[in-house]
Amino acid sequence: MSLDQMTGLDDEAIHRLAERVETAQRYAVPIHKLTDDYPGLTIAEAYRVQTALRRSYERRGQRVTGWKAGLTSKPKMAQMGVSTPGVGFLTDAMECAANARIPLAGLIHPRVEAEIAFVTKAELAGHVTRDQVLAATDYVQPALEIIDSRFTGFKFDLPSVLADNSSSARYVPGGRMRRPDAIDLRTVGVVLEHNGEIAQIGAGAEVLGHPAEAIAMLVGVLAGMGEVLPAGSFVMAGAITAAVAVNPGDCITARFYEMGSITVSFTA
Ligand code: 0L1
Ligand code: MG
C-alpha cells in the first residue's frame, strides 16, 4: 500500500489524477479507471479531482455554465451498475445548439441521454427541498446530454466516474421553456428516437421520483464541496432512460410531452 492510500491523497496526488483525466478528455484517449491505481479513492477525493479539473478548464478560458446530476434514474443505475447519484460541472465549451451536427472526433464512445433541465433565478445553497428548488427555478426545458466516459470499455466505479466529471462531454438545451408550476415534471413523458426508431421511453418520475429532487441532491453535493448553485445556472436533472450509443451519421430526436422536442445529428 502506498503512503497516499494510508493517509489519503495530498493535493499533489489529486492534481496528478486531474491531469490524467484531463488528458484523456482533451485527446479522447481512454484510460483505465483511477481505482485500479488508487483502490482507496474516496468519494470526497474523487470530487477534489473533479474540482481540480474544473479549475484547470477555467484557467484555459472555459466558463462554468451550470451543473448536471447523473445516475439519478433506475434505468441509468442499472445500465452502469452504480447505485448512488453524482454531479458534474458544465462549461460553455460543452454546449451545442439544437439541430446541430455534432462532431464525434473528440469523443471516445459517446452516448446520448434525454433529460429535463432547470434554469435557476435565485441562489440555492446547503440542504434544500424539492419545493425550494421549484421556487428558485425560472424555467424548465428539455435537454440532451452527450456523455463520454474516459474509461476503457465505459467501465468504472463511482469514485472513478465522479473524478471524470460524471462523464460530461456535450449538452444541448432545446424544446419549449415551461414555468415549473405550469407542468407536472413527474408525468412528462419522453420518447427517444435513434435514426427514426424508438430506442427508449420514460417519464420524469424515473428521476428520483421527481426531477427537482435531483437538483436538491446536487445542491447538497455542492454544499459538501463548499460551493453554492448560483442564480442563472443551467442544471440537468439526469437521464430519464438508459443512454443510447451513437456513431457518425446517426440522428437522435427526443420528444417530450408538452415540452417540445430536440434533434441533433452526428458527424465523424
Ligand atoms: O449523466 C449521467 O447520468 C452519466 C453519469 C455518469 C455515468 C455514465 O457515464 O453513464
Ligand atoms: Mg446525464
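Start at 1 and go down the list; that is how both ligands and their atoms are numbered.
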Under 4.0 Å to a heavy atom of [X] - the qualifying atoms of ligand 1, by number:
{"X": "V161", "result": "6 (C), 7 (C)"}
{"X": "F156", "result": "7 (C), 8 (C), 9 (O)"}
{"X": "E145", "result": "1 (O)"}
{"X": "S166", "result": "4 (C), 5 (C), 6 (C)"}

K74, NZ atom: more than 12 neighbouring heavy atoms under 6.0 Å: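 At most 12 heavy atoms, drawn from other residues, nucleotides or ligands, come within 6.0 Å of this atom.
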Neighbour count >12 (heavy atoms, 6.0 Å) for atom CZ, R179: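 Open: at most 12 neighbouring heavy atoms sit under 6.0 Å from CZ of R179.
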Atoms (protein N, O or S; no water) under 2.8 Å from the Mg ion (ligand 2):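 Of the protein's nitrogen, oxygen and sulfur atoms, 3 lie under 2.8 Å from the Mg ion (ligand 2).
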Region of E113 engaging ligand 1 - heavy atom pairs below 4.0 Å: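 Contact part for E113 vs ligand 1: side chain (C-beta onward).
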Proximity of Q79 to ligand 1 by residue part, where a heavy atom lies under 4.0 Å: neither
Backbone or side-chain N or O of S149 under 3.5 Å from ligand 1 N or O: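 No, no N or O pair falls under 3.5 Å.
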With a 4.0 Å cut-off on N to O distance, would you call [X] and [Y] a salt bridge?
{"X": "R16", "Y": "E19", "value": "no"}
{"X": "E113", "Y": "K76", "value": "yes"}
{"X": "E227", "Y": "R54", "value": "yes"}
{"X": "R48", "Y": "D11", "value": "yes"}

Straight-line distance of D148 CG to I108 CD1, nearest 0.5 Å: 5.0 Å
Identify, for [atom], the protein heavy atom at the shortest distance, and state residue, atom and that distance.
{"atom": "atom 10 (O) of ligand 1", "value": "K76 NZ, 2.5 Å"}
{"atom": "atom 9 (O) of ligand 1", "value": "S167 OG, 2.6 Å"}
{"atom": "atom 3 (O) of ligand 1", "value": "L71 N, 3.1 Å"}

Residue among K33, R20, R150 satisfying salt bridge (Lys or Arg N to Asp or Glu O under 4.0 Å) with D164: R150
P230: partners by side chain to side chain contact (heavy atoms under 4.5 Å, CB included), with sequence neighbours left out: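 Side chain to side chain contact (heavy atoms under 4.5 Å, CB included) list for P230, sorted by chain: S233.
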Non-neighbouring partners of I43 that pass side chain to side chain contact (heavy atoms under 4.5 Å, CB included), sequence neighbours left out: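 With neighbours one apart ignored, the set is Y47, L158, P159, L162.
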Listed partners of R178 passing side-chain hydrogen bond (donor to acceptor under 3.5 Å, both in side chains), at least two apart: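 R178 satisfies side-chain hydrogen bond (donor to acceptor under 3.5 Å, both in side chains) with no other residue.
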